[in-house]
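Heads up: numbering here begins at 1 and tracks the sequence. Here the structure is a predicted model, which means the values were calculated and not measured.
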Amino acid sequence: MNVKIAPSILACDFARVGEAIAMLEKSGADLVHCDVMDGTFVPPITFGAQMVGAIRPLTRLPLDCHLMVEHPWTQIASFAEAGADLITVHAEACGETLVSRLREIKALGVKAGAVINPETPAEALFGAAEIADLLLIMSVHPGWGGQKFIPESLNKIEALRGYAVRIGRGDLDIEVDGGITEGNAADAVLAGANVLVAGSAVFRSADPAATIRRLRGA
Ligand code: DX5
Ligand code: ZN
């Protein structure tokens, strides 16, 4: 599977988001990762659907919206309306309703993703793997960029890629999020991830285009 790079705008200068989007497009990013935080599911607050609506007209890149929010189902319609291409909700926030929330997202014509935190076992996404467009494995504890990659995440990526293949969904996108660098991107891909979120690695780079190419393994 070709590897896609999804830089996270959490790492950009919030006073110049428009310029950041233009830079990502110019640098060859495949998606824009939008880290939505509500101050309850995770301590920080970042932005909501209004920000997604503001950046929508600036780029044709898919907007990958990672909802780190307490009741994500209350936000699905507004993110779809704002122009999200992919909405990813946490298994920890949805519990037993996870699969039905994915159906709600898909019913709006938006791709649906399910995500787990480092402390949640891979099995928590087995049900979602049947219908999701993407599974996301957090390789840091959510809330902040610039953290260190948690190496145990590789086992979960492997387990979920293996499970996806076993149920005939080998082409399922598996995204890894947090602490991705040029030093560990290849390990994540080897384990079975094909979408890499990279905030700091891209926005702190002197040459984002080269960094994106190297993360992709080009
Ligand atoms: C953390 C976010 C991640 C983070 C990635 O809660 O979900 O997307 O912004 O940032 P880096 O790549 O700097 O770890
Ligand atoms: Zn994220």
- Task: Output yes when Arg216 and Asp30 qualify as a salt bridge under the 4.0 Å nitrogen-oxygen rule, no when they do not.
- Result: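 A salt bridge links Arg216 with Asp30.
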- Message: Taking the basic N atoms (NZ, or NE/NH1/NH2) and the acidic carboxylate oxygens, is any pair closer than 4.0 Å for Asp207 and Arg214?
- Response: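 Judged by the 4.0 Å cut-off on N to carboxylate O distance, Asp207 and Arg214 do not form a salt bridge.
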Determine whether [X] and [Y] make a side-chain contact, defined as any pair of heavy atoms from C-beta on separated by less than 4.5 Å.
{"X": "Pro208", "Y": "Phe203", "answer": "no"}
{"X": "Arg161", "Y": "Met1", "answer": "yes"}
{"X": "Asp187", "Y": "Leu154", "answer": "yes"}
{"X": "Leu98", "Y": "Leu125", "answer": "yes"}
{"X": "Val176", "Y": "Met138", "answer": "no"}
{"X": "Val32", "Y": "Ile9", "answer": "yes"}
{"X": "Leu67", "Y": "Phe79", "answer": "yes"}
{"X": "Ile87", "Y": "Lys111", "answer": "no"}

- Task: Name the orientation class of the two ring planes belonging to Phe41 and His90 (parallel below 30°, tilted from 30 to 60°, perpendicular beyond 60°).
- Result: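 The rings of Phe41 and His90 sit tilted, inter-plane angle from 30° to 60°.
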- Query: With under 30° as parallel and over 60° as perpendicular, where do the rings of Phe14 and Phe47 fit, or are they tilted in between?
  - Reply: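 Judged by the thresholds at 30° and 60°, the geometry between Phe14 and Phe47 is tilted.
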Measure from the side-chain N and O atoms of [X] to the backbone N and O of [Y], and report whether any donor-acceptor pair falls under 3.5 Å.
{"X": "Arg56", "Y": "Ala82", "result": "no"}
{"X": "Ser200", "Y": "Gly146", "result": "yes"}
{"X": "Thr46", "Y": "Met37", "result": "yes"}
{"X": "Ser27", "Y": "Ala29", "result": "no"}

- Query: Taking everything shown except Glu81 itself, do over 12 heavy atoms lie less than 6.0 Å from its CD?
  - Reply: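 No - once you tally the heavy atoms of other residues, nucleotides and ligands closer than 6.0 Å, there are 12 at most.
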- Query: For atom CD of Glu119, is the number of surrounding heavy atoms from other residues, nucleotides or ligands below 6.0 Å larger than 12?
  - Reply: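 Atom CD in Glu119 is crowded, with more than 12 foreign heavy atoms closer than 6.0 Å.
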Working to the nearest 0.5 Å, report the span between [atom1] of [X] and [atom2] of [Y].
{"X": "Glu96", "Y": "Arg101", "atom1": "CD", "atom2": "CZ", "answer": "12.0 Å"}
{"X": "Asp38", "Y": "His71", "atom1": "CG", "atom2": "NE2", "answer": "9.0 Å"}
{"X": "Cys34", "Y": "His66", "atom1": "SG", "atom2": "NE2", "answer": "11.5 Å"}
{"X": "Gln75", "Y": "Ile105", "atom1": "CD", "atom2": "CD1", "answer": "11.5 Å"}
{"X": "Glu175", "Y": "Leu136", "atom1": "CD", "atom2": "CG", "answer": "5.0 Å"}

- What residue among Asp64, Asp173, Leu196 forms side-chain contact (heavy atoms from CB on, under 4.5 Å) with Lys4?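 For Lys4, the side-chain contact (heavy atoms from CB on, under 4.5 Å) test succeeds with only one of Asp64, Asp173, Leu196, which is Asp173.
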- Message: With side-chain contact (heavy atoms from CB on, under 4.5 Å) as the test, pick out the partner of His33 among Leu86, Leu24, Val202, Asp177.
- Response: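 So, applying the side-chain contact (heavy atoms from CB on, under 4.5 Å) to His33 and each of Leu86, Leu24, Val202, Asp177, only Asp177 qualifies.
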Which atom of [X] lies closest to which atom of [Y], heavy atoms considered:
{"X": "Ile157", "Y": "Ala193", "result": "CG2-N, 3.3 Å"}
{"X": "Ile116", "Y": "Ala91", "result": "CG2-CB, 3.9 Å"}
{"X": "Glu92", "Y": "Val115", "result": "OE1-O, 3.7 Å"}
{"X": "Asp85", "Y": "Pro62", "result": "OD2-CA, 3.2 Å"}
{"X": "Lys106", "Y": "Ile131", "result": "NZ-O, 3.2 Å"}
{"X": "Asn184", "Y": "Ile180", "result": "OD1-CA, 3.4 Å"}

Give the cluster check for [X] versus [Y]: same hydrophobic cluster or not, with ILVMFWY residues linked at side-chain heavy-atom distances below 4.5 Å.
{"X": "Val195", "Y": "Leu63", "answer": "no"}
{"X": "Leu10", "Y": "Ile5", "answer": "yes"}
{"X": "Trp144", "Y": "Val42", "answer": "no"}
{"X": "Ile167", "Y": "Leu102", "answer": "yes"}
{"X": "Phe149", "Y": "Ile137", "answer": "yes"}

- Task: Show your reasoning for whether side chain to side chain contact (heavy atoms under 4.5 Å, CB included) applies to Leu134 and Thr88.
- Result: CA-CA 8 Å; Leu134 174 139; Thr88 300; 4.0 Å; yes
- Run the numbers on Asn117 and His141 for side chain to side chain donor-acceptor pair (under 3.5 Å), then give the verdict. CA-CA 6 Å; Asn117 284 332; His141 293 285; over 6 Å; no
- Derivation of the side chain to side chain contact (heavy atoms under 4.5 Å, CB included) call for Val189 and Asn194: CA-CA 6 Å; Val189 173; Asn194 69 302; over 6 Å; no
- Message: Run the side chain to side chain donor-acceptor pair (under 3.5 Å) test on Ser139 and Ser153 for me, step by step, so that the C-alpha distance in whole Å, both residues' side-chain angles and the decisive distance to 0.1 Å come before the verdict.
- Response: CA-CA 5 Å; Ser139 40; Ser153 315; 4.8 Å; no
